[in-house]
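Within every chain, numbering begins at 1; the chains are lettered A, B, ... in the order of the sequence lines, protein sequences first and strands thereafter.
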Amino acid sequence: MSFPWAKEYKPGHPLMQWLDEKLPLPRFVYNAVGAGYPVPRNLNYMWNFGVLAGFCLALQIVTGVILAMHYAANGSVAFDSVEHIMRDVNWGWMLRYAHANGASAFFVVVYIHIFRGFFYSSYKAPREMIWLLGVVIFLLMMATAFMGYVLPWGQMSFWGAKVITGLFGAIPVVGQPLQVWLLGGYAPDNAALNRFFSLHFLLPFVIAGVIILHIWALHIPGSSNPTGVEVKQESDTVPFHPYYTAKDGFGLGVFLILYCAVLFFAPNMLGHPDNYIPANPLSTPAHIVPEWYFWPFYAILRAFTSDFFFIPAKLMGVLAMFSAILVWFFLPWLDTSPVRSGHYRPLFRKAFYLLLVDVVVLGYCGGAPAAEPFVMISQIASMYYFLHFLVILPIVSSIEKPAPLPYSITEAVLGKDEGAVLHANPTAA
Amino acid sequence: MADEASIDPADVTGEGVRRRDFINIAAVSFAGVGGLAVLYPLISQMSPSADVLAESSTEIDISAIQPGQAIKAVFRKQPVFVRNLTPVEIAEAEKVDTGSLRDPQTLDERTKAGKKNWLITMGVCTHLGCVPLGAGEGEVRGEFGGYFCPCHGSSYDTAARIRKGPAPKNLEVPSYEFTSDTVVKIG
Ligand code: HEM
Ligand code: FES
């Protein structure tokens, strides 16, 4: 773990020495996010989003535990208890808006974090495990956010629960019984609401656990960097503290300004007015859509409108939607180029920006009504999405001629590196 | 035998199956089976509880439903559509070639003999479970004059058969019977 030049933890105060012998927790922190963790010196702000995601999780846990003190998970009172939080509980409105918009902020941050990974090919060896764990975290986040959205028991909550558990009903043979088992009934009701609350409370802590593994796996090779060239020597790195604690702190400040702007001036901007109508099992809202962060995947789900060979349209949509995320698991082996960073990969870079546009288009279609032209656009965009990962990426990585890489991070930053000179002229050594 | 086991040379030489191996495998298997047995209640508790299953049948008075009209009733906390078809709607449903349907069924198969005008179906879209429009006063009934699901655009015809969109099946016909000319009992 870490590089040989990493600074060693030296407890000063006798109390800290005593603690270090009994339980070296401060040592652990020092080596993980302190001066004992050397980090490439050239990280840009794209490397800020991991820390921001961690902050968002903490924010959700703090606001969530507080909401749970006032919320009641029972179909007959859940909606009213949320209104009680909004109107009666001291600062309840702020805590609820902080939690609801915190979920959105969390997804903004995580999407940027993931696309950072796409651009800089952070998923490549030796960092595959970090990437795989990241995809697991993302899946858990989606499950958590989905179940959280059900809790206020408004119209969107109810119908979201119905439609999403209906996805499982598409699985042949076991689907219908599986859906009934998941809901504990034939339609969402108390049983479903209660178990969703229980799991919504639990999963964030599971996420926290997987994040620990994610960071553990990260600390073995250390962070990648915008050049994608691996750390070679001490001059390529700076200690995490104070350099990146300061940089991440600044980024956190900017993030908080944007988050608070939404929280205090447009708290319902990303929500849906129908969710302020109590759940009604007998009437579906005219336009049901999930929260914005599910839109690209929802568009893929809806893109399948007719049967595909012997597979029914409904099953096809469900398979495609799950595959859209599962394909990320194979990314480290689909992109075979030895060069990581998009900065040195001209063709790959174009493919990356096209994918970005494609996902935005899918997102737009997923939020739009299920009518033309959106259905057709989602079909084309879904096709392109899979084409990117399964065809374009493998081809691009085998035919592309990458631009010349700098010898080291130091050279990339300073324009010259003593080591590079030695390297170009081995006799001088 | 017992005599022989106690002087098993394998125990001494460490070759072959030793008593320790046997005890080890037996103990782990026993614990494994026990663990699996404990899983059963943990999984089963998620299934519908007795009170949910006990939801009784529903009786509906249909005397006030005029031809062309429909009502929504509730059965097992899910909507049921009871629709009084007009002769035109019946004719439309019958003129369709069932071979061309995704889920081929005739109107006769979906209604009771002699009560062809009473189309009684679950109001649950077979795609992902939304309540289709068309049973309420003034709601759109879609391209085929039956029901229209706004969620992902499934259209059903006047026999509530799927005609267009992602839903795989016709709206489900629950089991029901006419207890009199004006009362249906569902379930
Ligand atoms: C991964 C972290 C989390 C995410 C992404 C998340 C997401 C959400 C979302 C989207 C909602 C619906 C907001 C609304 O429309 O009102 C919600 C509600 C709720 N969450 Fe969370 N949550 C997280 C963590 C937690 C934790 C740790 C707890 C409790 C320990 C919690 C407790 C609640 C409660 C009680 C509600 C219902 C009250 C309300 O509707 O505002 N959440 N959550
Ligand atoms: S739920 Fe009716 S079309 Fe999808």
Residues A:Leu167, B:Leu128; criterion side-chain contact (heavy atoms from CB on, under 4.5 Å); working and verdict:
CA-CA 6 Å; A:Leu167 295 181; B:Leu128 296 175; 3.8 Å; yes

Closest approach of A:Gly185 and B:Pro48, non-hydrogen atoms and distance?
N-CG, 3.8 Å

Contact class of B:Lys72 relative to chain A, heavy atoms under 4.5 angstrom
side chain

Verify whether the ring centers belonging to B:His152 and A:Tyr298 lie closer than 6.0 Å.
yes

Among B:Cys151, B:Gly153, B:Gly165, B:Ala167, who wins on heavy-atom pairs under 4.5 Å with chain A?
B:Cys151

For the backbone of B:Met46 and the side chain of A:Arg195, can you confirm whether one donor and one acceptor N or O come within less than 3.5 Å of each other?
yes

Which heavy-atom pair separates A:Ile288 from B:Cys130 by the least distance, and what is that distance?
CD1-SG, 3.7 Å

Return the OH to CZ distance between A:Tyr186 and B:Arg76, rounded to the nearest 0.5 Å.
4.5 Å

Interface moiety of B:Ser154 toward chain A, non-hydrogen atoms closer than 4.5 Å
neither

Winner by heavy-atom pair count (cut-off under 4.5 Å) against chain A, out of B:Val124, B:Val52, B:Ile43:
B:Ile43

B:Pro150: what forms a side-chain contact (heavy atoms from CB on, under 4.5 Å) with it, not counting sequence neighbours?
B:Leu133, B:Phe148

Measuring heavy-atom distances to chain B, does A:Leu301 have an atom under 4.5 Å in its side chain, in its backbone, in both, or in neither?
side chain

Are the side chain of B:Ser47 and the backbone N or O of A:Trp181 linked by a donor-acceptor pair below 3.5 Å?
no

Output the distance between atom CG (A:Asn190) and atom NZ (B:Lys77), rounded to the nearest 0.5 Å.
6.5 Å

For chain A, which residues from residues 24-38 of chain B lie under 4.5 Å away (heavy-atom distances)?
none

Could you walk me through whether A:Ser283 and B:Val131 pass side-chain contact (heavy atoms from CB on, under 4.5 Å), step by step?
CA-CA 6 Å; A:Ser283 147; B:Val131 180; over 6 Å; no

Is the shortest heavy-atom distance from the side chain of B:His127 to the side chain of A:Val163 under 4.5 Å?
no

Is A:Pro285 in contact with chain B via its backbone, its side chain, both, or neither, using a 4.5 Å heavy-atom distance?
backbone

Which heavy-atom pair separates B:Gly129 from A:Lys162 by the least distance, and what is that distance?
O-CE, 3.1 Å

